[in-house]
Amino acid sequence: MEKKLRQKSINLVKVVLFGPESTGKTTLSTQLARHYNTVWAPEFAREYLQDKWNNERKTCEQKDIIPIAKGQMKLENSLAKKADKVLICDTDLLETKVYSEEYYGGFVDPELDKAAKENQYDLYLLTYIDTPWEADDLRDKPEERLEMFTAFENALKKYNKNYILLKGDKETRLKEATTAIDKLIAEKDDLFSFSDSLLDLDMHFLHQNTGDLGNSFDY
């Protein structure tokens, strides 16, 4: 598999926000990161495609899919090193694969297809289309929200992904999501914590420096 599409192995509870455009994924990502005092990996495609629109007045093309996928995994792998027990991902390569299939007549780059199937996450939060559509430079096809939602859910079922469906207001979604994530945290041992690793490092230097100080007074 293409190295730049490969997920780094770090013992975290990895959660993916999954679903069509304008269904509250980014809002919930920030809520969850705040709730668990951890980091979240934003959608790389947003920045990439906004720059493309600003500079070229063009939307996503088939040739953009792999650069987007590589950028997403670079972002995720980098932020995973700074997470505390939970990593929240605003998207993943399976979502990129679904978009590629839906927008480009079923086409998926073989390397993307392989990575999307092999990268592992503990939970997918599938966001329903009961949120208002918010237009911007990049979002399109508001009339096809149900069709896109169905494509996303079918992908989760096809690849036997662990997921829950989130509907309702922000508070309801957050409560249901945290209930599911808390169960996963309780089931896993020795989860990586960036904060704990910093504390351990500080303690190491403290003991080391204290020992050096003690030696300086040993006449």
Side-chain angles (χ1 to χ4, degrees), residues 1-23 25-26 29 39-81 83 87-127 129 137-141 144-165 184:
M1 180 168 64
E2 164 67 55
K3 184 177 181 180
K4 292 182 179 179
L5 297 178
R6 189 177 299 135
Q7 184 183 53
K8 295 284 180 65
S9 178
I10 299 181
N11 189 29
L12 295 163
V13 172
K14 295 184 178 181
V15 181
V16 180
L17 280 294
F18 200 76
E21 297 173 318
S22 196
T23 54
K25 297 190 297 295
T26 299
S29 292
V39 297
W40 65 284
E43 188 179 9
F44 177 78
R46 295 293 301 177
E47 180 179 352
Y48 178 97
L49 293 175
Q50 188 65 59
D51 286 344
K52 182 182 177 76
W53 174 258
N54 292 344
N55 295 324
E56 305 176 39
R57 282 297 185 266
K58 291 182 179 179
T59 55
C60 188
E61 300 173 276
Q62 186 174 310
K63 66 180 182 180
D64 296 315
I65 295 297
I66 289 299
I68 287 172
K70 290 179 179 178
Q72 189 63 48
M73 288 314 302
K74 181 178 180 180
L75 192 58
E76 179 186 318
N77 286 330
S78 174
L79 287 167
K81 300 173 185 177
L87 176 65
I88 308 299
C89 302
D90 199 0
T91 187
D92 77 331
L93 297 193
L94 182 57
E95 179 148 332
T96 307
K97 168 179 157 66
V98 173
Y99 271 115
S100 182
E101 290 171 334
E102 293 298 312
Y103 276 69
Y104 306 114
F107 171 81
V108 182
D109 181 280
E111 293 292 341
L112 171 60
D113 187 61
K114 182 177 176 65
K117 294 173 183 176
E118 293 187 0
N119 288 351
Q120 295 296 312
Y121 300 88
D122 298 280
L123 178 66
Y124 283 80
L125 303 175
L126 178 62
T127 50
I129 57 173
D137 292 337
L138 306 178
R139 290 171 176 162
D140 62 0
K141 302 184 179 180
E144 296 182 16
R145 296 179 83 192
L146 181 58
E147 288 83 355
M148 289 301 297
F149 172 83
T150 301
F152 283 116
E153 185 167 33
N154 286 344
L156 294 175
K157 291 178 178 177
K158 180 178 180 179
Y159 299 111
N160 197 30
K161 300 296 186 181
N162 180 35
Y163 79 96
I164 60 172
L165 174 61
L184 291 170

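Evaluated for a ring-ring contact (aromatic ring centres under 6.0 Å, His included) with F18, the options Y121, Y99, Y124 yield exactly one hit, Y124.
Every side-chain hydrogen bond (donor to acceptor under 3.5 Å, both in side chains) that E101 has, sequence neighbours left out, goes to K97. Annotation: side-chain contact (heavy atoms from CB on, under 4.5 Å) contacts of T26 (sequence neighbours excluded): W40, D90. Every residue meeting the salt bridge (charged side-chain N to carboxylate O under 4.0 Å, His left out) condition with K52, not counting sequence neighbours, appears here in chain and number order: E56, E61, D64. Residues satisfying the side-chain contact (heavy atoms from CB on, under 4.5 Å) test with T127, not counting sequence neighbours, are L17, T23, K25, R173. Qualifying side-chain contact (heavy atoms from CB on, under 4.5 Å) partners for N162, counting only residues two or more places apart in sequence or in other chains: L123.
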Checklist entry - Which is it for T96 and Q72 under the side-chain contact (heavy atoms from CB on, under 4.5 Å) test, yes or no, and what are the steps along the way? => result CA-CA 10 Å; T96 307; Q72 189 63 48; 5.6 Å; no

Checklist entry - Stepwise, does the side-chain contact (heavy atoms from CB on, under 4.5 Å) test hold for T91 with V16? => result CA-CA 6 Å; T91 187; V16 180; 5.6 Å; no

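The side-chain heavy atoms of K117 and Y159, taken from C-beta on, include a pair separated by under 4.5 Å. Considering only heavy atoms from C-beta on, C60 comes within 4.5 Å of I65 through its side chain. Contact check for C89 versus L79: no side-chain heavy atoms found under the 4.5 Å cut-off. Side chains of T59 and W53 form a contact here, defined as non-hydrogen atoms less than 4.5 Å apart. Contact annotation: the side chain of L75 approaches that of P42 to within less than 4.5 Å [non-hydrogen atoms, C-beta and beyond].
A pairwise comparison of heavy atoms in L126 and G19 identifies CD1-CA, 4.2 Å as the closest pair. Among all heavy-atom pairs drawn from V13 and D122, the shortest one is CA-OD2, 3.4 Å.
Without hydrogens or angle criteria, N119 side chain to L5 main chain gives a donor-acceptor distance under 3.5 Å. The backbone N or O of E95 lies less than 3.5 Å from a partner atom in the side chain of D92, making a donor-acceptor pair. At least one donor-acceptor pair closer than 3.5 Å links the side chain of N77 to the backbone N or O of K8.
Taking the six-membered ring where the residue is Trp, F44 and Y48 present tilted rings, their angle falling between 30° and 60°.
The NZ atom of K4 lies 13.0 Å from the CD atom of E111; values are rounded to the nearest 0.5 Å. Within the model, atoms NZ of K3 and CE of M73 stand 13.5 Å from one another, a figure rounded to the nearest 0.5 Å.
Residues Q7 and Q120 bring no donor and acceptor atom of their side chains to less than 3.5 Å of each other.
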Please list, one pair per line, the donor and acceptor atoms closer than 3.5 Å that link side chains of residues 146-156 to other protein atoms, with sequence neighbours excluded.
residue	atom	partner	partner atom	Å
T150	OG1	L146	O	2.9
E153	OE2	Y163	OH	2.9
N154	ND2	T150	O	3.3

